[in-house]
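The block underneath contains the structure these notes are about, expressed in structure tokens.
We name chains A, B, ... by the order of the sequence lines, and we start the count at 1 in each one.
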Amino acid sequence: MKAERPPLRRREGSPWTGLWAVTLKELADHLTSARMRLLEGLILLTALGTVSAAIQTLRTTVGEDPFLFLRIFTTSQQAGDIDYSFVLFLSFLIPLAAIALGFDAVNGEYNRRTLSRVLSQPIYRDALLAGKFLAGLFTLAITLLALWLLVTGLGIFRLGVIPSGEEVGRGLLFFIATVAYAGIWLALAMLFSVQFRQPATSALAALAVWLFFAVFWPILTGIVAQVVRPADNPFAELAQIQLRLALSRLSPNTLYAEVLLSLLSPETRALGPVLITQLEGAVRGALPLSQSLLLAWPQFTGMIAAVLLLFAGTYVLFQRQEIRA
Amino acid sequence: MTAVIEAVGLIKRYGPVVAVDDLNLTIPSGEVYGLLGPNGSGKTTTILMLLGLTEPTAGQVRVLGNDPSRNPLAVKRQVGYLPDSVGFYDELSARENLRYTAELNGLARDDAETRIDEVLTRMGLRDVSTRRAGAYSRGMRQRLGLADVLLKRPQVAILDEPTMGLDPEGALEFLDMIRGLKADGITVLLASHLLHQVQAVCDRVGLFHQGRIVLEGTVDALSERVLGGAYRIHLEVDGQAQALEGTLSAVPGVVRVMRESPRGYLVEAKSDVRGAVAHRVVTAGGALLSLRLERLGLDEVYARYFQEVRHEG
Ligand SMILES: Nc1ncnc2c1ncn2[C@@H]1O[C@H](COP(=O)(O)OP(=O)(O)OP(=O)(O)O)[C@@H](O)[C@H]1O
Ligand SMILES: [Mg+2]
């Protein structure tokens, strides 16, 4: 499949020619697709379910909690022996939605035999790839924004309180972080859509990666940490915990969870193990927004970096590919 | 006349496979040029290099004065390409498919709609333009493909196997449309292995074999060269019990005589010997029912050429 290439010559003309045409077309496709409607329905139902339950619980504490609004997202309910909350469902559904939007981005064009026709128009491959990525991201952002507004509206009506400026700010950052998290899975799905000719294969590969990080990675980090740093004294125990944490941060799920923790639970003062001595002299209570953001900053940039890295990989792979079906 | 497409020493290798081998090609403005060759001879690869969709391993290409791998946008703005198995977004209507192409070409909305109407009318698809492209028949898809090519008002149209999968009538209609392109002053490069079709529309053909153009010229010139200007005469003779082969073979210039049926003979000759043949039949006491001179076409050139290659190999 790899084509031999002479050294890259300078190309003329903007690589972004046609970007908007591609983005708008793909966006229209996504927004009208049965696939997206299905996902929206799923997200809406779970959101309404978890949020109404959370509001039910929170009504008893109105007036006591300064961050009542953020609790709508994080309060967990029990159903049998399963704890669930809005953010938990979201971190579960977002990868699914992103993969659903991206897994056939490029191989779908191959299989419909539209790729060579589209690329024979005056655009670069860059525009096609970037346009498809942006359209997927916009679709997810639109859905999430609508969801966020819906939940906020529901909160105002059912709880009878207006969210404070800080809560709105935290909510918006939560929205941005979620879009970035979705971007990781979208870029991954698109990478596989370039690599594998069969959409079923690329979907399966993306889901396998997701499953790996959701289920096996936490187990694996525990095992590796135990083997590498056996906990025979308190210091070693701490080292083990730290190693496990470092390893688990290779997973986008951990990064996202930590960002959410610091954004939606303002009382979070540290991500990771905290020693009693470190808490000495610390002020109890919530961190201001800027401090929470600072706390989550490495995780946040980590997510963005993952998106860029995956997209760059997809780009390189796509550039080297023969376009004939 | 200036050269619209020019390739010099063009080579494309896929690992050990040499798909295109030292190709030289010059197509002047306004010409309809046929790339002719068996499967896997490198026609599609050549086309992809002309469009800048594949990087040549070596050699130079100029299309309308631009290098397609350095300045692909300038090339693709003026060159329309109909891929060998053209695909559309099945869930969109024909018009919406064309609209997307128009947007990719950066056409303003009003201009785009005018042009879309124009090309749909020209391809006879105006009445079905709101139908989903997925519901189009093979022939309609092919015409939609040509509409898609014409939308950008190209100076050059590159068509890869444009009549593949069309019924004979559809193919003829499509060839007519290609002739229409020539009338508009569009330079056409046509790849095909269907010889009689290429023959019907092309000013010049290049015969491809294993990545090289082995023969090039007008159809007449090619048959002259490969077949040595052969003439085939079909005869139908009645009232003649004994064979005429001997008599006919004696006619000066006749190379071969074959009996095609109880009444029919085929005479191959170096020159037009119809008169002498008719005379011999009549003097031998036969009733000449019909006599037809066959002008040899590309089919024979092709068959003969590859026969020779096989003999040598
Ligand atoms: N991506 C690729 N990798 C390796 N070999 C390839 C690749 N693409 C084409 N080839 C080889 O290059 C040669 C020329 O192929 P090409 O498609 O240009 O032929 P063609 O004349 O268009 O044939 P057809 O009439 O079947 O369309 C073939 O031998 C083919 O196997
Ligand atoms: Mg081909």
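- Contact tally against chain A (heavy-atom pairs below 4.5 Å) for V86(B), N97(B), N105(B): the top residue is N105(B).
- No more than 12 heavy atoms of other residues, nucleotides or ligands sit less than 6.0 Å from atom CG of D110(B).
- Annotation for V118(A) and Y89(B): closest pair CG2-OH, 3.3 Å, computed over non-hydrogen atoms.
- Contact annotation for E91(B): only side-chain heavy atoms (C-beta onward) come within less than 4.5 Å of a heavy atom of chain A.
- Within 6.0 Å of CZ in F92(A) there are 12 or fewer heavy atoms belonging to other residues, nucleotides or ligands.
- Ranking T45(B), D90(B), L92(B) against chain A, the residue ahead of the rest is T45(B), based on heavy-atom pairs under 4.5 Å.
- Nearest heavy-atom pair across K76(B) and L119(A) is NZ-O, 2.7 Å.
- With a 4.5 Å cut-off on non-hydrogen atoms, Y100(B) touches chain A through its side chain but not through its backbone.
- The distance from atom CD1 of I123(A) to atom CD of E103(B), rounded to the nearest 0.5 Å, is 12.0 Å.
- Taking NZ of K25(A) as the reference point, atom CZ of R99(B) lies at 13.5 Å (rounded to 0.5 Å).
- Within the 4.5 angstrom heavy-atom criterion, no atom of N111(A) approaches chain B.
- Only the side chain of T17(A) comes within contact range of chain B, judged by heavy atoms closer than 4.5 Å.
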When you look at Q121(A) and D148(B), which way does the side-chain contact (heavy atoms from CB on, under 4.5 Å) test go after all the steps?
CA-CA 10 Å; Q121(A) 308 308 329; D148(B) 189 68; 3.7 Å; yes
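- The candidate from L53(B), T101(B), V79(B), L51(B) with the greatest count of non-hydrogen atom pairs under 4.5 Å with chain A is L53(B).
- Of the listed residues (A127(A), S120(A), S14(A), G18(A)), the one with the most heavy-atom contacts under 4.5 Å to chain B is S120(A).
- Among L73(B), L82(B), T44(B), the residue with the largest count of heavy-atom pairs under 4.5 Å with chain A is L73(B).
- Taking every heavy atom of both residues into account, Y124(A) and R70(B) meet most closely at OH-O, 4.4 Å.
- Of the possible polar contacts, one joining the R117(A) side chain to the G87(B) backbone as a donor-acceptor pair under 3.5 Å is found.
- Both the backbone and the side chain of L104(B) come within contact range of chain A, each with at least one heavy atom under 4.5 Å from a heavy atom of that chain.
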